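What follows is a set of notes on a single structure, which appears directly below.
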2 protein chains.
Amino acid sequence: MKIVTFNVNSIRARLHIVIPWLKENRPDIFCMQETKVDDRNFPESEFSRAGYQVYFSGIKGRNGVAIATLHEPEEIIIGMNGEERDRVITLKFEKLAVTNVYVPQGQSIESEKYQYKLDFLRRFRDYLREIVDFNGYHAVCGDMNVAPDEIDVHSPQRLRNHVCFHIDARNAYRELLSLGFVDLLRKFHPEERVYTFYDYRVRNAIEKGLGWRVDAILATPKLAEKCRDCYIDIKPRLMERPSDHLPLIAEFDL
Amino acid sequence: MKIVTFNVNSIRARLHIVIPWLKENRPDIFCMQETKVDDRNFPESEFSRAGYQVYFSGIKGRNGVAIATLHEPEEIIIGMNGEERDRVITLKFEKLAVTNVYVPQGQSIESEKYQYKLDFLRRFRDYLREIVDFNGYHAVCGDMNVAPDEIDVHSPQRLRNHVCFHIDARNAYRELLSLGFVDLLRKFHPEERVYTFYDYRVRNAIEKGLGWRVDAILATPKLAEKCRDCYIDIKPRLMERPSDHLPLIAEFDL
DNA sequence: GTAATTACCG
DNA sequence: CGGTAATTAC
């Protein structure tokens with residue numbers, strides 16, 4: 001069983017990457033962030049033709065989340081208690097639940113958008129505490145817009161005031177993790193610099209290693225036990241008109 | 001010998017149509033209007049690879065003319081006496097000259113752009129009187145933005161105040177024709193509604209016959225005598241992402 | 001309807 | 001760098 005998370009940075013602009021990738025890799029669950037499209041314009045048929053059901057919730061132009069799946073969900077939950085409908089979506093299956101999140105970026109630490117980000121992380125933690133059965137199988141996938149540790153950014157000193165590495169964001173994210181989640185990529189690569197994001201604006205960022213680990217697949221302990229491997233696929237970043245994020249893949253013996 | 005005129009409505013957006021069309025049809029002279037690109041960004045190499053030399057004069061974003069040719073010209077004249085460099089280009093060959101023009105559209109008959117259009121037509125007539133040898137071989141190709149007669153529009157009554165059919169524009173264009181040119185498409189199809197343009201915004205315009213004849217190949221009498229046929233190719237309008245204009249082809253025994 | 005423009009954003 | 005939006009033009 002394979003679960004994937006990928007910030008697509010506009011699903012309509014990334015179909016030439018996403019659809020062939022799905023056909024080749026056949027993940028059971030494929031979480032997308034920053035779909036940047038309202039629900040009536042989501043390219044649902046492209047997923048159907050590839051053999052996937054797709055559930056989505058988005059607004060015009062920014063944010064937006066979606067989950068494509070090979071399996072029929074028992075329940076679809078949009079947002080968290082009706083709020084943040086363009087940032088959170090959850091599918092519940094027979095023995096597994098998956099939550100997909102796009103955490104706010106925050107602009108700058110002086111901005112009130114950063115306060116909103118910190119607040120979002122607290123509310124998201126509270127929401128997860130409500131809906132996650134920590135004795136069951138639940139995955140939380142998404143673009144967290146937080147690099148949790150020094151190893152997760154290329155220049156910890158230089159970036160200490162960046163909204164995705166600032167101590168307040170990291171602490172808020174840590175509060176969420178400490179509900180009991182296992183960060184699967186870090187479990188399988190405990191000492192390695194493994195990046196899921198290379199800024200478009202940084203020239204030759206990949207060759208220079210100027211990346212960030214801001215995307216994650218978090219698992220309840222029971223699900224983490226079943227995880228066989230977790231890794232990043234660099235290939236889509238080397239294609240024409242790539243996203244600035246990379247797909248993150250977790251494989252399970254389930 | 002084949003001469004073609006085609007308003008491409010952005011050469012960069014139309015390469016997928018133009019280059020295969022050139023490879024298939026091998027015109028000697030291929031005139032383009034509305035290339036919508038400045039000279040440093042003109043996709044010259046695409047034409048070279050198809051075996052064509054190409055001469056172009058354009059500005060960023062609108063207007064712009066170009067001529068692709070299989071033959072080496074003896075002289076290249078940009079604009080008319082240095083003016084209107086984004087609307088007029090002339091190539092002189094050993095025994096043939098070709099002028100390519102993109103006449104202003106004019107927006108609305110109340111607009112001062114319409115006065116500019118009428119003035120352009122007068123100045124262009126004067127320019128042609130200077131440079132054309134009416135005892136030689138000269139073709140004037142282009143988007144005239146004028147439908148000269150009732151037969152050249154789908155609804156003459158409804159369109160009498162349209163800038164491309166208004167009597168003042170038609171009279172100004174007639175002044176140009178009456179220098180001594182032969183309108184080749186009309187010569188070979190004297191009674192037929194033959195349209196070179198179907199507005200993108202008119203639904204199913206082709207099926208409904210809602211077109212315009214605004215593009216033309218005009219010939220000096222001596223050249224017109226050598227013309228074997230003149231016709232429109234509808235195929236490029238039925239491809240993906242077409243121009244709203246159609247290629248107009250004249251064939252000569254020369 | 002299609003393809004340019006500029007301005008804004010991460 | 002590469003998305004979105006609003007605007008302009010035909």
Side-chain angles (χ1 to χ4, degrees), chain A residues 7-17 33-38 41 58-64 86 102-109 111 113-114 117 143 145 159 162-165 197-206 210 212 214 236-245, chain B residues 7-17 33-38 41 58-64 86-87 102-108 111 113-114 116-117 143-147 162-165 196-206 210 212 214-215 236-237 239-245:
Chain A
N7 179 323
V8 291
N9 190 10
S10 170
I11 185 56
R12 286 174 297 179
R14 221 62 66 210
L15 284 173
H16 67 289
I17 306 233
Q33 304 86 38
E34 286 203 88
T35 52
K36 294 189 177 179
V37 65
D38 53 313
N41 292 309
I59 57 175
K60 187 163 75 159
R62 52 216 180 78
N63 308 335
D86 56 336
Y102 176 54
V103 173
Q105 199 259 5
Q107 192 158 272
S108 76
I109 57 171
S111 167
K113 289 183 182 173
Y114 186 56
K117 174 182 190 165
D143 178 351
N145 264 316
L159 296 171
H162 191 288
V163 286
C164 296
F165 192 60
F197 168 75
Y198 294 93
D199 195 320
Y200 282 136
R201 292 163 292 181
V202 177
R203 293 236 196 224
N204 307 116
I206 299 169
L210 300 178
W212 298 69
V214 290
R237 186 68 170 84
L238 308 175
M239 295 173 65
E240 290 297 299
R241 296 193 312 122
S243 172
D244 42 5
H245 289 255
Chain B
N7 179 323
V8 293
N9 189 9
S10 170
I11 186 57
R12 287 174 296 179
R14 220 63 64 210
L15 284 172
H16 68 288
I17 305 234
Q33 304 86 37
E34 286 203 88
T35 52
K36 293 188 178 180
V37 65
D38 54 314
N41 291 309
I59 58 176
K60 188 162 73 160
R62 58 221 172 74
N63 309 335
D86 56 335
R87 292 192 180 271
Y102 175 55
V103 173
Q105 199 258 5
Q107 194 155 267
S108 76
S111 167
K113 289 182 183 174
Y114 186 56
Y116 165 67
K117 173 182 189 165
D143 178 351
M144 307 303 174
N145 264 317
V146 178
H162 191 288
V163 285
C164 295
F165 192 60
T196 65
F197 169 73
Y198 294 94
D199 194 320
Y200 281 138
R201 292 162 290 182
V202 177
R203 291 237 195 226
N204 306 116
I206 299 169
L210 301 178
W212 299 68
V214 290
D215 302 275
R237 186 68 170 84
M239 295 173 65
E240 290 297 300
R241 297 195 309 125
S243 171
D244 41 6
H245 290 254

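To find a chain, count down the sequence lines: A is the first, B the second, and so on, and within it residues start at 1. What you see is a predicted model, and the numbers here were worked out from it, not measured in a lab.
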Most 5' of A/Arg203 and B/Asn63 on DNA chain D, judged by nearest nucleotide: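 Upstream on the strand: A/Arg203.
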Are OP1 or OP2 of C/dA3 and a side-chain N or O of B/Arg241 less than 4.0 angstrom apart?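 For C/dA3, OP1 or OP2 has a side-chain N or O of B/Arg241 closer than 4.0 Å.
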Below 4.0 angstrom from OP1 or OP2 of C/dG10, is there any side-chain N or O of A/Gln107?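 Yes, within the criterion.
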Is there side-chain contact between A/Val163 and A/Ile109, with heavy atoms separated by less than 4.5 Å?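 Yes - at least one pair of side-chain heavy atoms lies under 4.5 Å apart.
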Could you tell me how far apart [X] ([atom1]) and [N] ([atom2]) are, to the nearest whole angstrom?
X	N	atom1	atom2	value
B/Gln105	D/dT8	CD	P	16 Å
A/His245	C/dG10	NE2	C1'	9 Å
B/Lys117	D/dA9	NZ	P	16 Å
B/Tyr198	D/dC10	OH	C1'	18 Å
B/Tyr116	D/dA9	OH	C1'	14 Å
B/Asn145	D/dA9	CG	C1'	12 Å
B/Arg14	C/dG1	CZ	P	15 Å
B/Tyr200	C/dT2	OH	P	7 Å

Please enumerate all residues that pass side chain to side chain donor-acceptor pair (under 3.5 Å) together with [X], with sequence neighbours excluded.
X	value
A/Arg201	A/Asp199
A/Lys113	A/Gln107
B/Ser243	none

Name all residues meeting the side chain to side chain contact (heavy atoms under 4.5 Å, CB included) criterion together with B/Lys36; count only those two or more places apart in sequence or in a different chain, and write none if there are none.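 Per chain and number, B/Lys36 pairs via side chain to side chain contact (heavy atoms under 4.5 Å, CB included) with B/Asn9, B/Ser10, B/Glu34.
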List the residues meeting side chain to side chain contact (heavy atoms under 4.5 Å, CB included) with B/Arg241, not counting sequence neighbours, and say none if there are none.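 B/Ala13, B/Arg14, B/His16.
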Under 4.0 Å, heavy atoms only, any strand: does B/Tyr102 hit a base, just the sugar-phosphate, or nothing?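 Result for B/Tyr102 = sugar-phosphate.
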Run the side chain to side chain contact (heavy atoms under 4.5 Å, CB included) test on B/Lys117 and B/Val146 for me, step by step, so that the C-alpha distance in whole Å, both residues' side-chain angles and the decisive distance to 0.1 Å come before the verdict. CA-CA 10 Å; B/Lys117 173 182 189 165; B/Val146 178; 4.1 Å; yes
Grab the N/O contacts between the protein and nucleotides 4-7 of chain C below 3.5 Å, and write none if there aren't any.
residue, atom, partner, partner atom, Å
C/dA4, OP1, B/Ser10, OG, 2.2

Look at the side chain of A/Arg201 and the base of C/dG10, then say whether one donor and one acceptor between them are separated by less than 3.5 Å.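 When only heavy-atom distances are counted, A/Arg201 does reach the base of C/dG10 through a donor-acceptor pair under 3.5 Å.
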